[in-house]
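If you're wondering where the values come from, they're calculated on a predicted model, not measured in any experiment.
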2 protein chains.
Amino acid sequence: MQYSVVIADDHLLIAEAIKAVINQFPDYRVLYQVANGMLLTEQFAKQPRPDIVLLDINMPVMNGFETAAWLTKHYPHIKILALSMRDDEKTLIRMLRNGAKGYLLKNTRPDDLHHALDELVQQGFYYPDWIARKMLQGMFAGDSPPEEKATALNDREILFLEYAATELTYKEIAEKMYCSHRTVEGYRDTLFIKLGIKTRVGLVMYALKEGITKI
Amino acid sequence: MQYSVVIADDHLLIAEAIKAVINQFPDYRVLYQVANGMLLTEQFAKQPRPDIVLLDINMPVMNGFETAAWLTKHYPHIKILALSMRDDEKTLIRMLRNGAKGYLLKNTRPDDLHHALDELVQQGFYYPDWIARKMLQGMFAGDSPPEEKATALNDREILFLEYAATELTYKEIAEKMYCSHRTVEGYRDTLFIKLGIKTRVGLVMYALKEGITKI
DNA sequence: GGAAGAAACCGTGTAAACACCGGTCTTTAC
DNA sequence: GTAAAGACCGGTGTTTACACGGTTTCTTCC
């Protein structure tokens, strides 16, 4: 019995390379690859669907989060293994909440990939120790409804974050947001507390990590 | 006759995967892989040296730029093929200036990789059309005399940029860079002029755009 | 209808960031 | 040998960013 895999990654070389690795495993076979989530939905309509989807998080058009949500909604039996460049707790949790059954960093060894695939089909999930640790120390509570919790930012704060990642001063941001500059500094202070940071550079890095602002 | 290849990439899975792809080419063989430039210099001391080095640009400890410069200095006969995530003109030019004989985006097809390797050993370089176009429209004139122009940042400035994208103050950055905090502010001021920006947030955005700092 | 909480606002003080001025020393170029 | 250029360091003053302390107004909820 061979399990089928589909790879979604916009880096063709990487996708092709991972395909080569997987096809070396006797019990797994790569059906096809796509460059983003949108193409995945299209291929699902006209091609056979796999047992497992290897999902890159940073994709254009339809990213890993959206794709994972779409998959769990339409094909809940298909196992999602998230692939990420970064060891980022928030990204991890967000993917798990959106239905990913496993999370793999791209700097893991091929054996780990094989092992993750095996766990996925046997146990139904692949949660190595470090993921369990992150979930415990993290704000992971329920499991069914994909809902935000600790880092719930309102619209004003998100708008402020966009401006924070520019060369505007807080006073200039206040003019654009039609409020007092002390209010803007209030947004900043609550974000400092919520996000556990201390400087404007921290705000910028957060906004970029979360995709609120793009480079 | 087989040509030997060494892969330098901090993403183990990707490195291993690319290795699998290359080992499918009958005329190329991967000797070993390393996770950063520093390890490459170490392995060069005790292991056989390859004909070709596949060099990822975004690596920790010793990045692609530094590694390329080191390679051209100590082993000028070894061909460097740069691997990058982003299609960025400045990065491309900087790598070519540091001695890379070719530049490949990670979203190219495996055939292109094979073709690039062939060109590399036959022609000595691999410059596809789009690179030539970039070089023409860019500020790249001759090939031998390294003439700097618009945005030529030195090592100290680049190191400073990495620290600028953290929550450290300039004083703390100065401690890490073993110099006066006024010197650090000097780096900042010259970068403000060179890059046409006015604030630290501008520095952060620049560093991220150029891949000097990763998210 | 009063408690609880959030959102907007404000004052004050300190630390950091930025602007503009100056200098020495070394390297490179002619 | 001198001029030019660049790396490093310094002083001074203004503006911005951040910390800590508040008030008022408006929901929301029981």
Side-chain angles (χ1 to χ4, degrees), chain A residues 147-208 212-213, chain B residues 65-66 69 73 94 97 139 141-142 144-208 212-213:
Chain A
E147 194 54 45
E148 306 300 307
K149 262 191 78 176
T151 44
L153 310 186
N154 61 42
D155 293 346
R156 297 289 284 174
E157 286 167 343
I158 287 172
L159 181 60
F160 162 69
L161 270 178
E162 290 177 33
Y163 285 123
T166 67
E167 293 205 302
L168 297 172
T169 67
Y170 291 137
K171 205 181 291 185
E172 290 164 338
I173 293 173
E175 289 169 15
K176 288 195 175 285
M177 290 182 70
Y178 304 107
C179 65
S180 158
H181 81 98
R182 322 248 61 259
T183 303
V184 166
E185 297 193 344
Y187 296 148
R188 177 201 59 193
D189 292 339
T190 58
L191 283 174
F192 280 174
I193 294 169
K194 280 186 182 177
L195 309 177
I197 55 182
K198 299 192 310 289
T199 68
R200 180 157 172 180
V201 174
L203 291 178
V204 175
M205 300 304 283
Y206 177 84
L208 288 165
I212 292 167
T213 302
Chain B
F65 302 116
E66 298 169 281
K73 186 178 173 190
R94 198 165 155 213
R97 289 190 159 279
M139 63 229 87
S144 32
E147 195 184 349
E148 307 300 308
K149 266 191 84 177
T151 42
L153 309 187
N154 62 40
D155 292 346
R156 295 289 284 173
E157 286 166 343
I158 287 170
L159 181 60
F160 162 68
L161 271 178
E162 291 177 32
Y163 285 123
T166 66
E167 294 204 301
L168 297 172
T169 68
Y170 291 137
K171 204 180 291 183
E172 289 165 339
I173 292 173
E175 288 168 18
K176 288 196 174 285
M177 290 181 71
Y178 303 108
C179 66
S180 159
H181 80 100
R182 325 251 55 257
T183 304
V184 166
E185 297 192 344
Y187 297 148
R188 177 200 60 191
D189 293 339
T190 57
L191 284 174
F192 280 174
I193 294 168
K194 281 184 182 177
L195 308 178
I197 53 181
K198 301 193 308 291
T199 67
R200 180 158 173 181
V201 174
L203 291 178
V204 173
M205 299 304 282
Y206 177 84
L208 288 165
I212 293 166
T213 302

### Task
For B:L159, enumerate each residue passing the side-chain contact (heavy atoms from CB on, under 4.5 Å) test, keeping only those at least two apart in sequence or located in another chain.
B:R156, B:E162, B:Y163, B:M177

### Summary
B:F160 atom CZ is separated from D:dC9 atom P, nearest whole Å, by 14 Å

### Message
When you compare the side chain of B:Y187 with that of B:L161, does any pair of heavy atoms fall below 4.5 Å?
### Response
no

#### Entry: Footprint string (nucleotides 12-26 of chain C, 5' to 3'): B base within contact, S backbone only, - free, heavy atoms under 4.0 Å
B---SSBB-------

### Task
Could you pull out all residues at least two apart from B:S180 that satisfy side-chain contact (heavy atoms from CB on, under 4.5 Å)?
B:R182, B:T183

### Query
What is the distance from atom CD of A:E185 to atom OG1 of A:T190, rounded to the nearest 0.5 Å?
12.0 Å

### Query
About how many Å separate NZ of B:K198 and OG1 of A:T169, when rounded to the nearest 0.5 Å?
9.5 Å

### Distance in Å, B:T199 OG1 paired with A:L168 CG, rounded so as to fall on 0.5 Å steps
9.0 Å

### Task
Whole angstrom is fine here: how far is it from CG in A:L195 over to P in D:dC18?
13 Å

### Query
Just how far, in rounded Å, is C1' of D:dC8 from CE of B:M177?
12 Å

### Rounded distance (Å) that lies between atom P of D:dA7 and atom CD1 of B:I158
12 Å

### Message
Before you tell me yes or no, could you show the steps for A:Y206 and A:L191 under side-chain contact (heavy atoms from CB on, under 4.5 Å), namely the whole-Å CA-CA distance, both residues' side-chain angles and the distance that decides it to 0.1 Å?
### Response
CA-CA 10 Å; A:Y206 177 84; A:L191 283 174; 6.0 Å; no

### Query
What is the distance from CG of B:L159 to P of D:dA7, rounded to the nearest Å?
14 Å

### Task
Measure the spacing between CG of B:L203 and CZ of B:R188 and express it to the nearest 0.5 Å.
8.5 Å

### Message
Within the structure provided, determine whether A:V201 and A:M205 are in side-chain contact (heavy-atom separation under 4.5 Å).
### Response
yes

#### Entry: Degree of bending, the helix from C:dG1-D:dC30 to C:dC30-D:dG1 (end axes from five pairs; round to 10°)
40°

#### Entry: Inter- and intrachain pairs under salt bridge (Lys or Arg N to Asp or Glu O under 4.0 Å), touching residues 171-181 of chain B, at least two apart
none

### Query
For the residue pair B:G202 and B:I197, what are the closest heavy atoms and their distance?
C-CD1, 3.5 Å

When you compare the protein's N or O atoms with those of nucleotides 4-8 of chain C, which come within less than 3.5 Å of each other, and at what distance?
from	atom 1	to	atom 2	distance (Å)
C:dA8	OP2	A:Y187	OH	2.8

